[in-house]
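Below is one structure, written out as structure tokens, with a few remarks after it.
When a ligand or atom number is given, it counts from 1 through the structure's own listing order. Below, all heavy atoms of this structure are taken into account, side chains as well, without hydrogens, waters or symmetry copies. In this text the structure is predicted, and so the values were computed from the model without any measurement.
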Amino acid sequence: MTPDSTRRELLDLDTRHVWHPYGPMPATVPPLLVEEASGVRLRLADGSELVDGMSSWWAAIHGYRHPALDAALTGQAARMSHVMFGGLTHEPAIRLATTLVDITPEGLEHVFLCDSGSVSVEVALKMCLQYWRSTGRESKRKVLTWRGGYHGDTFHPMSVCDPEGGMHSLWRGVLPEQVFVPAPPAGYDAPVDQSYVDEVVRAVEEHADELAAVVVEPVVQGAGGMRFHNPEYLRVLREVTDRCGVLLVFDEIATGFGRTGALFAAEHAGVTPDVLCLGKALTGGYLTMAATLCTASVADGISRGEVPVLAHGPTFMGNPLSAAVASASVGLLADGTWRSDVSRIERGLRDGLAGATQVPGVVDVRVLGAIGVVQLDHPVDMAAATASLTSRGVWLRPFRDLIYTMPPYVSSDADVALVAEAMVATARVA
Ligand code: PMP
């Protein structure tokens, strides 16, 4: 436990100097000071503990201080923490890339390692634009996506985020203008809406000459609204993009590594995209690293061009610490225990959240894999919600009209029940 005076000093310095995500400077709501994290528990500087239902923005799937991940990190630090990736290579990156090719949908052969999810989307879009430029179709520069998506906070990814929920109005005139179709009809099990399919197919056909790619989050739209859709729409996208000569990008930064009940959400549809983005849980939430995978055809197209290289090279590309931890994290998934954990959590969330449907102001309760969502008919009162959740020993970060959880796969039944109970109680007060 941190002494009171140090705690006050740290929080005061934080307010004065540290800019937090999506926040004003100085912050208007003080953040909680975390001292340690272990398993699914965050220990705060005042000595209290919270069960983490967020997995640190969906990344810490194995919980904190996992012995295998700690060992991978310290073992690698004892050999080398970093070397540049231009002209040099190393076993951690080679092993990781090979594993990613092995476990992702058939046909993805090449791996570009980068710093963060947003950058991996930048790289994916750059690959697509450069592919068409290199193959003599320079007019294909736009991207089509469906509304309700989220792909990151750097500029090209922002241009394909939901134009309502994102920052489009703030950045009008700055962001490239992309082609939007309506959000996919809600519900994993909802019947396929043929008029929606027709609309999407028509849009891709009409814009094919200017489209470099279609980019979507498969099955779950995360930060754009935590919405689920029928995987059939992904098969529709695969068919029409193939037929019209448009590349298909799946952003599995949030859905990858088991979160939806399949190792990758693309598996729900049995579809291989041309380009795949991975991040977040890639390193088990230990370090920042993301990956952009592509097919041999995309890589060949780029490499046959006038500029036969992918012009991208982050300083910390292929960082050995991140790569070693990522291989250890993916290795923990290899025995398949995650499948029973995710279905166990799914059952726990279904049971625990069932009561939320009776709460006034709740418009929808949905669960898929290790994702549980309570949607209200009004924006969440963040101060009231955080107070309600923390008083019940739970850490969640609601946004807009959503109280949701994406717990670590190692959460016990009791942890899941506690999180679900806190969500239902919070729906009443928030
Ligand atoms: N794509 C998706 C689907 C995401 O959920 C996120 C992060 N919430 C990103 C991209 C951006 O990743 P990062 O925050 O690591 O830049």
Mark yes or no for whether [X], through its side chain, and [Y], through its backbone, hold a donor-acceptor pair below 3.5 Å.
X	Y	result
T426	M423	no
Q76	S322	no
R238	T272	yes
E252	A266	yes
S55	I61	no
H90	G318	yes

Exercise. Please report which non-hydrogen protein atom sits nearest to atom 1 (N) of ligand 1, along with the residue it belongs to and the distance in Å to one decimal place.
Key: D251 OD2, 2.7 Å
Exercise. Could you tell me the residue and atom name of the protein heavy atom closest to atom 9 (C) of ligand 1, and the distance to it rounded to 0.1 Å?
Key: Y150 CE2, 3.7 Å
Self-check item: Nearest-option assignment for atom 14 (O) of ligand 1, heavy atoms, candidates A59, A223, S118
Solution: S118
Exercise. Could you tell me whether G117 and ligand 1 have an N or O pair separated by under 3.5 Å?
Key: yes
So if I count the atoms of ligand 1 from 1 in the order they appear, which ones are less than 4.0 Å from some heavy atom of [X]?
X	result
K280	4 (C), 5 (O), 6 (C), 7 (C), 8 (N)
G152	10 (C), 11 (C)
E217	3 (C)
A254	5 (O)

Quiz item: Heavy-atom contact under 4.0 Å between E252 and ligand 1?
Solution: no
Quiz item: Judged by non-hydrogen atoms, does W58 sit under 4.0 Å from ligand 1?
Solution: yes
Self-check item: Sub-4.5 Å side-chain heavy-atom contact between R259 and F257
Solution: no
